[in-house]
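A short worksheet on the structure shown next.
Convention: sequence-line order gives letters A, B, ...; per-chain numbering from 1. Since the structure is predicted, the reported quantities are computational estimates derived from the model, not experimental observations.
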Amino acid sequence: MTEPQLKPDAPAIVVQDLHKYFGDNEVLKGIDFHVDQGDVVCVIGPSGSGKSTLLRCVNLLEQPTSGKIFIEGAEVTDPDIDVDKVRSRIGMVFQQFNLFPHLTVLRNLTIAQQRVLKRGRDESAEVARRNLDKVGLADREDAYPAHLSGGQQQRVAIARALSMDPDMMLFDEPTSALDPELVGDVLGVMRDLAHEGMTMMVVTHEMGFAREVGDKLVFMDDGVIVEEGAPSDVLANPRHQRTQAFLSKVL
Amino acid sequence: MAMSPRKRAQVSRMAQYAVLLVLFVVLLAVADWTTLRQVFLDTGIMADMFPAVIATALKNTLLYTVAGFTFGLVLGLVLALMRLSSVGPYRWMATGFIEFFRGVPALVVFIALAYGVPLAFPGREIPGGIFGTVTVALGLVGGAYMAETIRAGIQAVPKGQMEAARSLGMPRSRAMRSIVVPQAFRIILPPLTNELILLTKDSSLVYVLGLGLSSYELTKFGRETMNQTNSLTPLVTVALCYLLITVPLSIVVRRMEARAERAG
């Protein structure tokens, strides 16, 4: 087991010739892709295009079949690397929130700080409260997840990831499971994060967010990256016919 | 004459009440109440059974059951994790163990431990004497059942819980301990309590070990007293004692389930 040598000046995420099979089904067909430090990269595409799988490969929730992935210059697809160490530097937000239902909001935010980062009880609670305040839920620390709305749960999930002081954040369709009127709060928190300079990779259907906040937009279809570029550019003048077809349906 | 569905349901309900009433009347007419009371509910015999029925028999039943359940719970958790292991031989061993001890009568396990162990390991014995042997026997049987329950509980925890814990940098074993297993136990609290009730009754099998007076549990105590009194009253008394254990357990489970529902 080797300690990953993370270099803050290296690109945040580099993906080289990534292939992923589920059985005989090839869902990623050779992806080359990178996210620079401080950038917000949005990944869009029809369902089944492989965009969530790509995101999940980045922190190895899915094991790539072949290809290489580097996080801040360290190759995480190296079988000898300490994956847990890398994961603790990458915040992840899920479509279904995945809060721990048997723990209070505060405990959701402190448990990994204490178990993984070895922070003390007071320090972890302080960090947790700071992040709860940031997402506008400072008054809900004693609640259980089931007593929160979907939008509140997702903001707690973001605060939970932030409490690990990650170098970057991955978002897997963070607003897709929310009622429409709750989407805005979550996007607002994500917008604030982006303005603070957080490196973010966001799989989303929110074109408005991608246009306004994104530094780069990636369009995926059928396991390949069809087109990428500045969001306003791609959205206004899609060059590829598949991009045009997709955007005409969602815009 | 055609009846409306509602009318038909009403008639059917009346008929059911009528059957019940007839049965009741017949029972009253046939029964010899004086004899029945003497045989089943002789208050004099009942009074004579106190306080030993509580101080010795009930206490021992509880002691055997709790010890066996605790041992079984630990064993069941280990077996469940083995069943879910990625290492083949662990899975096979756990499956074999579970199938064996679920398929064999608990009585056979008791006999094997009582007579087999001294033969197989001359000069050695299970530490703790009777108490130790009961603990192991009930634990082996209960553990095999609970293993399957615990495994089902672990698998009922959504996959996203493990993923969320891993994405926060927790190693697999830590995520299991802090996140998955606590949720699994909430899910399986009712079936586990059911197992506790079953073990309470299985603890009566301890009689095959050959007991001294101080080791009597409810069933043995009831049978011995019955032999001395020529009445079934002692059995009724110990039956009530069993209910004293099992009925509160059921109520506790129902409360826990209600609370879990509220917490969501």
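Between D84(A) and R166(B) there is a side-chain heavy-atom pair separated by less than 4.5 Å. Taking the side chain as every heavy atom from C-beta outward, P158(B) and Q96(A) never approach each other to under 4.5 Å. Within the 4.5 Å cutoff, no side-chain heavy atoms of R87(A) are placed close to those of L168(B).
Taking a 6.0 Å sphere around CZ of F22(A), one finds it holds more than 12 heavy atoms contributed by other residues, nucleotides or ligands. Atom OH of Y90(B) has 12 or fewer neighbouring heavy atoms from other residues, nucleotides or ligands inside a 6.0 Å radius. Atom NZ of K68(A) has 12 or fewer neighbouring heavy atoms from other residues, nucleotides or ligands inside a 6.0 Å radius.
Rounding to the nearest 0.5 Å places CZ of R174(B) at 7.0 Å from CD1 of I111(A). Here the straight-line distance linking atom NE2 of H102(A) with atom OG of S178(B) works out to 7.5 Å at 0.5 Å rounding. With rounding to the nearest 0.5 Å, the separation of CZ in R56(A) from OG in S167(B) is 10.0 Å.
The contact between I90(A) and chain B is made entirely by backbone atoms, counting heavy-atom distances below 4.5 Å. Only the side chain of F94(A) comes within contact range of chain B, with at least one heavy atom under 4.5 Å from a heavy atom of that chain. With a threshold of 4.5 angstrom between heavy atoms, A175(B) does not approach chain A through any atom at all. Proximity to chain B (any heavy atom under 4.5 Å) is restricted, for L99(A), to the backbone atoms N, CA, C and O.
Distance alone, capped at 3.5 Å, is enough to place a donor-acceptor pair between the N98(A) side chain and the G160(B) backbone.
Contact count against chain A (heavy-atom pairs under 4.5 Å) is highest for M170(B) among M170(B), M162(B), R172(B).
Listed here is the closest heavy atom pair of A164(B) and F100(A): CB-CE2, 4.0 Å.
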